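No experiment lies behind these values; they were computed from the predicted model shown.
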Amino acid sequence: MNAGETQRRPWIVGVSGASGTPYAAAVLRALLAAGESVDLVVSRASRLTLLDETGISFRDGHWQEDLGEWLGRGADGKPGTFAVDVDDVRHWSAGDLAAGPSSGSYASKGMLIVPASTACVAGVALGLSKDLLQRAASVTLKERRKLVVAVRETPLNGQTLRHLVTLDDAGATVLPASPAFYAGATHIQDLVDFVAGRVLDAAGVGHTLYRRWEGELGGGSRTT
């Protein structure tokens with residue numbers, strides 16, 4: 001790196017096998033729209049979920065093409081809903097434990113796990129590092145960087161709740177994927193964007209994904 005050159009500092013986005021791939025797509029689109037760099041880790045289990053929820057096969061050898069198709073779809077599955085440039089995304093295979101995000105010396109702003117399955121939550125809480133997603137999350141915690149865990153499961157049993165408390169104690173932000181209705185949602189995409197917006201709020205990234213509460217009853221139900 002030449003003197004004065006700005007070092008790339010991405011947000012690491014981990015996508016686990018829980019249902020909720022539209023949440024991940026909305027977060028990724030918003031990060032890129034905000035001018036943020038992204039390092040993407042898509043777990044093996046999440047590829048099955050993505051195939052089931054969208055019909056898209058996420059392939060390491062064609063990840064840019066597959067990612068572009070995925071992010072272009074709305075939450076209703078309609079292709080071509082969004083125009084997205086994925087040039088500032090770097091993809092790391094979930095099985096690559098020698099990847100950049102596996103080391104604390106790799107520069108990043110933090111990590112967002114969207115959605116986070118209970119298996120992923122357990123793995124990170126216990127420090128298992130069974131794949132790059134879990135390893136990168138463990139590194140994020142030890143380096144005291146921001147880690148947002150958007151858990152997507154219901155109901156939650158005692159074991160998972162204890163794991164979530166462990167993550168909270170370690171400095172992570174536990175953010176259940178719980179849509180709200182006060183923002184005047186009229187479409188499934190609005191509900192998805194609310195959760196994605198709250199993830200970005202926790203990360204400190206600016207966005208315009210949802211109408212914020214301003215203390216006025218009925219404000220979200222009015223057309224602007």
Handout entry: Closest heavy-atom pair and its distance - L28, V38
Key = CD2-CG1, 3.7 Å
Handout entry: Nearest atoms (heavy-atom pairs only) where D131 meets A94
Key = CB-O, 3.5 Å
Practice task
Kindly confirm or rule out a cation-pi arrangement of R29 over F82, judged by NZ or CZ under 6.0 Å from the six-membered ring centre and within 45° of its axis?
Solution key: yes
Exercise for the section: For atom CZ of R212, decide whether the heavy atoms of other residues, nucleotides or ligands shown that lie under 6.0 angstrom number more than 12. Expected result: yes
Handout entry: Check: V149 and V121 side chains under 4.5 Å, non-hydrogen atoms
Key = yes
Exercise for the section: Evaluate side chain to side chain contact (heavy atoms under 4.5 Å, CB included) for V124 paired with L167, printing each intermediate quantity in order. Expected result: CA-CA 8 Å; V124 177; L167 291 179; 3.7 Å; yes
Handout entry: Residue R73 excluded, over 12 heavy atoms near CZ under 6.0 Å
Key = yes
Handout entry: Non-hydrogen side-chain atoms of F58 and L51 separated by less than 4.5 Å
Key = no
Fill in the blank from the handout: Per side chain to side chain contact (heavy atoms under 4.5 Å, CB included), D39 is matched among M111, R8, H91 by R8
Exercise for the section: Taking the six-membered ring for Trp and the single ring otherwise, decide whether the centroids of Y210 and Y182 are under 6.0 Å apart. Expected result: no
Practice task
Provide the closest heavy-atom pair for A202 versus V148 in the form atom of the first, atom of the second, distance.
Solution key: CB-CG2, 3.9 Å
Exercise for the section: Could you tell me whether the side chain of V199 reaches within less than 4.5 Å of the side chain of Y23, counting heavy atoms only? Expected result: no
Problem - Partner of R47 by side chain to side chain contact (heavy atoms under 4.5 Å, CB included), out of I56, D66, D52, D60 - result: D60
Practice task
Answer yes or no: does atom NZ of K78 have more than 12 heavy-atom neighbours from other residues, nucleotides or ligands under 6.0 Å?
Solution key: no
